[in-house]
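Below is one structure; the comments refer to it alone.
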Amino acid sequence: MDPVDALNEIAFRLERELAPSFKVKAFRNAAAAIAGLPAGDLAAQAHDGRLKRQPGIGARTLEVIQQSLEGQVPDYLVSLRERGEEPLAEGGRELLGKLRGDLHSHTSASDGGSPLETMAQAAQLLGREYLAVTDHSPNLTVANGLTAERLAEQVDLIDALNAARPAEDRLTLLAGIEVDILEDGTLDQTDEMLSQLDIVVASVHSKLRSEAPVMTRRMLRAIEDPHTDVLGHCTGRLVTGSRGTRPESQFDAARVFAACAENQVAVEINSRPERQDPPDGLIRQALDAGCLFSIDSDAHAPGQLDFLQYGAARAEANGVPAERIVTTWTRERLLEWSGRRR
């Protein structure tokens, strides 16, 4: 087995399990450290002990490399594959099979852990037909949000990667953003820049404990903005995980979901296990209001792109039909929907 492939697959599977980031980085860094070495040089360095003195190579990653060079599937990878045979979520398998893409993902350009190219490779391996790259906007400085200039550079990179992709590849990268909904309800990016994007996910990230009337006005203005395609993780809650817990934001859900339905803004079913956002009751309320939905991973690492399993299970459990989920649509239909709104 190729050692770089083995190290990257281990990292992918650890990300999928929400392993600590330092553990994932150890394997990603080791893969990067040996990626440029010819096979003969790598084998020689592993044999004579030079490799274990190289920065980025630890005892476990060295073992993986050595076993790969010996023609084995590394023991550690075998154990991860065995654990990975079980689905992440119970239920939702039929709906998961109908999902074509993902409209919410992050790269190392903002607060993700991997470059765009690595995220694209993982999406390709998972059989996605499209992946929207939606890094944060400038107001979210803690997440290294992208200025208009940096976002324009990312759009150019997406265009270049799509142009270079072999014709037989299924995956198309979509240029997008997770744009902050500011306190007055405006979107944290220029209209000119937003108009150049395929997908705009609008989310609240600040003042999450505002009074319900204040939050409702804020969300309604963003939903009514013609650039908004998806309302991201609408309550902002956290139910588990290393960041602790956070209660739901309070807002007039009837008015918010009515506005989403009227403006053809999809309500995101965020697949991150620590979010589970919206709660089940709000999913059913949005369904009754006539809303569209988008099942998204909100992935910050390649392995987390597989979180769609969680979102599919929750959507299916709450009776959301596939035809109301925009991420089951073809790329052409999806882009007609998002483009028509601008």
Side-chain angles (χ1 to χ4, degrees), residues 95-105 116 119-120 123-124 126-135 137 151-152 154-163 165-179 181 187 189-203 222-232 234 256-271 286-287 289-299 305 308 311-312 315 320-342:
L95 181 54
L96 180 66
K98 295 178 180 179
L99 295 179
R100 295 173 179 266
D102 186 345
L103 301 186
H104 189 167
S105 69
L116 192 158
M119 295 294 287
Q124 176 75 19
L126 288 168
R128 306 283 186 258
E129 294 181 23
Y130 48 84
L131 174 69
V133 181
T134 54
D135 280 311
S137 60
L151 182 55
Q154 187 179 73
V155 171
D156 288 342
L157 176 57
I158 288 170
D159 289 343
L161 290 174
N162 282 332
R165 192 166 293 279
E168 63 271 17
D169 282 2
R170 298 177 67 191
L171 179 72
T172 298
L173 295 171
L174 303 180
I177 189 173
E178 184 184 15
V179 65
I181 299 175
L187 303 184
Q189 190 50 271
T190 67
D191 285 347
E192 180 183 4
M193 193 68 243
L194 292 173
S195 297
Q196 297 177 41
L197 302 176
D198 298 311
I199 293 294
V200 174
V201 178
S203 305
I223 292 164
E224 292 164 359
D225 189 302
H227 296 103
T228 301
D229 300 308
V230 178
L231 177 63
C234 64
V256 165
F257 293 147
C260 285
E262 180 180 352
N263 291 278
Q264 296 187 64
V265 169
V267 174
E268 179 181 71
I269 297 178
N270 189 288
S271 298
L287 182 64
C291 293
L292 296 171
F293 295 87
S294 181
I295 297 177
D296 299 324
S297 68
D298 193 359
L305 290 167
L308 290 187
V320 181
E323 60 269 20
R324 293 266 290 274
I325 301 169
V326 300
T327 41
T328 67
W329 296 354
T330 63
R331 180 192 63 188
E332 291 75 19
R333 182 181 177 189
L334 180 89
L335 291 176
E336 181 184 0
W337 163 74
S338 67
R340 184 175 64 245
R341 301 193 62 263
R342 285 190 256 290

OG1-CD distance between T190 and Q196, expressed to the nearest 0.5 angstrom: 7.5 Å
V256 vs L231, side-chain contact (heavy atoms from CB on, under 4.5 Å): CA-CA, chis, key distance, verdict: CA-CA 10 Å; V256 165; L231 177 63; 4.0 Å; yes
Contacts of type side chain to side chain donor-acceptor pair (under 3.5 Å), residue T172, not counting sequence neighbours: R331
Side-chain donor/acceptor of D298 to backbone N/O of H104, under 3.5 Å: no
Exercise: identify the closest heavy-atom pair between I295 and A315: CD1-CB, 3.7 Å
Backbone of D102 reached by a side-chain donor or acceptor of T327 within 3.5 Å: no
Heavy-atom pair with the smallest gap, counting every atom of A312 and L95: O-CD2, 3.6 Å
Least distance between heavy atoms, E178 atom then S203 atom: OE2-OG, 2.8 Å
Under 3.5 Å: donor-acceptor pair, side chain of T328, backbone of L99: no
Separation between CZ of R324 and CH2 of W329, rounded to the nearest 0.5 Å: 10.5 Å
Qualifying residues under side-chain contact (heavy atoms from CB on, under 4.5 Å), relative to R170, sequence neighbours excluded: E129
Residues which pass side-chain contact (heavy atoms from CB on, under 4.5 Å) with Q124, listed by chain and number, not counting sequence neighbours: R165, D169, L171
Residue pair T134 / V201: nearest heavy atoms and the distance that separates them: CG2-CG2, 4.3 Å
Residues that D135 engages under side chain to side chain donor-acceptor pair (under 3.5 Å), provided they are two or more places apart: T107, S110, Q154
Listed partners of A289 passing side-chain contact (heavy atoms from CB on, under 4.5 Å), at least two apart: F257, C291
Distance in Å, S294 OG paired with L292 CG, rounded so as to fall on 0.5 Å steps: 9.5 Å
Interatomic distance, S271 atom OG to L96 atom CG [nearest 0.5 angstrom]: 9.5 Å
side-chain contact (heavy atoms from CB on, under 4.5 Å) involving A175 - partner list, sequence neighbours excluded: V155, I158, L197, D198
Derivation and outcome, side-chain contact (heavy atoms from CB on, under 4.5 Å), residues Y130 and I199: CA-CA 11 Å; Y130 48 84; I199 293 294; over 6 Å; no
Derivation of the side-chain contact (heavy atoms from CB on, under 4.5 Å) call for L103 and D229: CA-CA 10 Å; L103 301 186; D229 300 308; over 6 Å; no
Inter-residue atom distance L334.CG - E336.CD, 0.5 Å rounding: 10.0 Å
Rounded distance (nearest 0.5 Å) linking atom CG of D156 with atom CG of L161: 11.0 Å
Min side-chain heavy-atom separation V200-S338 under 4.5 Å: no
Trace of the side-chain contact (heavy atoms from CB on, under 4.5 Å) decision for C234 with E268: CA-CA 8 Å; C234 64; E268 179 181 71; over 6 Å; no
Test log, rule side-chain hydrogen bond (donor to acceptor under 3.5 Å, both in side chains), inputs Q189 and S137: CA-CA 7 Å; Q189 190 50 271; S137 60; over 6 Å; no
Crowding at CD, E323 (>12 non-hydrogen neighbours, <6.0 Å): yes
Nearest non-hydrogen partners of L116 and L173, listed with the distance: CD2-CD1, 3.4 Å
Closest non-hydrogen atom pair, A222 against T228: O-OG1, 2.8 Å
Any side-chain heavy-atom pair of L308 and R128 under 4.5 Å: yes
